[in-house]
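Have a look at the structure below, then the notes.
A note on names: the letters A, B, ... follow the listed sequences, proteins ahead of strands, and every chain is numbered from 1. The model shown is predicted, which means the values in this text are computed figures rather than measured ones.
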2 protein chains.
Amino acid sequence: MSRPDSDAPQDVTAKGVQRGRGPTMGDVAKAAGVSRPLVSIVMREAPGASIATRERVLRIANEMGYVPDERARKLRQNSSRLIGIAFELQQPFHGDVVEQIYLAAAESGYDVALSAVAPTRDEPTAVESLIRERCEALIVLGMKAQADDLQRIAERVPVVSVARRLKAPALGIVRGDDKAGLRMAVEHLASLGHQRIAHIDGADAPGSADRRASYRKTMQRLGLGDNIDVITGGLTEADGARGMSELLTRPVPPTAVIAFNDRCATGALDVAARTGLRVPANLSIMGYDDSRLARVPHVQMTTVSQDARELARAAVDLALEQIHGQAPREIIVQPRLVVRETTQRPG
Amino acid sequence: MSRPDSDAPQDVTAKGVQRGRGPTMGDVAKAAGVSRPLVSIVMREAPGASIATRERVLRIANEMGYVPDERARKLRQNSSRLIGIAFELQQPFHGDVVEQIYLAAAESGYDVALSAVAPTRDEPTAVESLIRERCEALIVLGMKAQADDLQRIAERVPVVSVARRLKAPALGIVRGDDKAGLRMAVEHLASLGHQRIAHIDGADAPGSADRRASYRKTMQRLGLGDNIDVITGGLTEADGARGMSELLTRPVPPTAVIAFNDRCATGALDVAARTGLRVPANLSIMGYDDSRLARVPHVQMTTVSQDARELARAAVDLALEQIHGQAPREIIVQPRLVVRETTQRPG
DNA sequence: ACGAGCTAATAGCACGTGCTAGCACAAAGG
DNA sequence: CCTTTGTGCTAGCACGTGCTATTAGCTCGT
């Protein structure tokens, strides 16, 4: 039974009772006829309130449209339980990883703050804004910044770098195993019966050297050393298209091609299609990353998965480790072969 | 594997004098030998401090690595000057708009809070987290939620919906002019000399009806009424591929095709290439949206631009209007024709 | 019957910052 | 000499919440 409600809207006081939006915890307490801390107890589901009171407070809070103020909450509990992510808006793969980080962080009771990197918004801006929000750790995806820049930031807050090769002992590092990835690709094609397997590489891109070396080594090991064929490619569709065009001028063209990444493979795919080659009947093509590009319905590209879920989980684990004072370390995530429809036995 | 950490106590001192990370305003004040409020004055560049003191405080703050706590700042000044954005991680076009919103908001002195929508993170979750951070307004991109859900949210905080057709008087709405867009597309192709111009539509997607009607009307107006050819398509590459395959079975196939969007056009492009048709020599193809897909180097698709910059600016304008108490309204942004390399005079 | 033990609820401080009011002091005017 | 004005700085409260310490209300064991 609530009393004849003294709920008069008296915003006469000079104090800030005049809020257009957002009732406060005190307002709910007054309306429910209890003390403010009790409302706090109910809202964060802490022990110390009876079930009846709990339900009543929750009902009233809901009626008033009360929502706890996250800033005040984070301010009070000295640990913000916040992990900051700097990511690139235009990288589909980053989107995958961010999504998984949300999940992994939530499991550990952490919240996530996003800060975008884009052509008109550089990394220092993004990182700075995350520090201002007092994130306990930063996860940076594919950061283009120099290693020493990140090192300087790491002096103030734990930093984990994902999917980017760099030497920086003060940073947590998560990356895929490039050597294993290309080994799996070659072995997959070889097991289908391919012998003339070419590689359009990533030029001087990070990881390209490892993948190139692994390609050569695996070809040798499988007794295909004489068929080693490495073409300089790059990160983009245009690079892949150029590489594919060059491969098609060979006296005896390859029956299978491993591109540096999915974008590069898409370019190669396009040139093959325009030349009248059927994929995979006449030519098998593989990508790398398992980005959305590879999963497009009418493409269905066979590729090597970097497994966003594992990368994200490893990144969050490293972040938590460093928050708890452990030294930064490196985690190498094993890639996974994803067989779709652009590879087949050679015709 | 990961333990739900039992949170080891690492902070020994009861007072927050010794925190591993993050010196406070008081620490800076003590180090500089001034009062705390004076540091506040210096940090926000308010009048009331001599130039000499200002420089000294700034220098010391910098040496200590002091960064103002955004949460405390936003908490104190009752207006958070924060605009929340709910966007989809996997939509390239959303990325473009978000980037531009950053810029537009900054011009008005507003900060931006990002909240992602993804398969494992639904819209209510994303929106709720933004409200908890006390954003003064919300901008939702391509929200799939029902109009009445958004209406309910709009009772608590101003909401602007972007690039999504819906009837909701309580919401600010920003969208492109679909009719004008398709008119421009048809006129472009007609001016090149095309007569048999087909349209792969978006089925029951939002905006599809308007575009379809505009296509018919414009064809009529240009005296091409007899060549009207609408195929049911959809939003994805597969839909475009299916539509294109169907068009190629026509006794007299079209010389130009307008797809519902860039993804749909990409599917059509792919089928054309596999069939041996040269684009644009034998067939012109147009997309819609001017997403990154259309700008891919080896594609270079002619398309209709939704102009992320204008959409973003309009959205921020509407948000600010509603924050200042004005009634929500609708802004229709005129699209722009982007001629690239998939259209040409009919051969 | 009476204190021990437990639950429900309250009082009060703290987090880091912004803002208003006020204090000390030097220069100018009487 | 005292009063007035302006400058440079400081004291103190407030924002909305979480946490610790404390008290009223109740059951229970002896």
Whole-Å distance, B/Arg132 CZ to D/dG16 P, equals 17 Å
To the nearest 10 degrees, the angle between the two end axes of the helix from C/dA1-D/dT30 to C/dG30-D/dC1 (five pairs per end) comes to 70°
The salt bridge (Lys or Arg N to Asp or Glu O under 4.0 Å) partners of B/Glu321 (sequence neighbours excluded) come to B/Arg329
Taking salt bridge (Lys or Arg N to Asp or Glu O under 4.0 Å) as the test, write out the residues that go with A/Arg121, two or more places apart.
none
Which parts of residues 33-47 of chain B get close to DNA chain C, meaning a heavy atom less than 4.0 angstrom away?
B/Arg36, B/Pro37, B/Ser40, B/Arg44
Sorted by chain and residue number, the side chain to side chain donor-acceptor pair (under 3.5 Å) partners of A/Arg56 (sequence neighbours excluded) come out as none
Hey, is the side chain of B/Thr53 poking within less than 4.0 Å of OP1 or OP2 on D/dG8, counting only N and O atoms?
no
Do the side chain of A/His94 and the main chain of A/Glu88 share a donor and acceptor less than 3.5 angstrom apart?
yes
Counterpart residues, side chain to side chain donor-acceptor pair (under 3.5 Å), relative to A/Asp111 (two or more places apart)
none
Kindly write out the residues that satisfy side chain to side chain donor-acceptor pair (under 3.5 Å) with B/Arg175, not counting sequence neighbours, or none if the list is empty.
B/Glu330
Among residues at least two apart in sequence or on other chains, which ones pass salt bridge (Lys or Arg N to Asp or Glu O under 4.0 Å) with B/Arg81?
none
Measure NZ/B/Lys30 against P/C/dG16 and give the value in whole Å, please.
12 Å
Does any residue of residues 57-77 of chain B have a heavy atom under 4.0 Å from DNA chain C, and if so, which ones, in number order?
B/Tyr66, B/Pro68, B/Asp69, B/Ala72, B/Arg73, B/Arg76
Partners meeting side chain to side chain donor-acceptor pair (under 3.5 Å) with B/Arg313 (sequence neighbours left out)
B/Glu107
Residues passing the salt bridge (Lys or Arg N to Asp or Glu O under 4.0 Å) test with A/Arg54, sequence neighbours excluded, are none
Which pairs of donor and acceptor atoms, one on a side chain in residues 34-49 of chain B, lie under 3.5 Å apart (sequence neighbours left out)?
| residue | atom | partner | partner atom | Å |
| --- | --- | --- | --- | --- |
| B/Ser40 | OG | B/Arg44 | NE | 2.9 |
| B/Ser40 | OG | B/Arg44 | NH2 | 3.4 |
| B/Arg44 | NE | B/Ser40 | O | 3.3 |

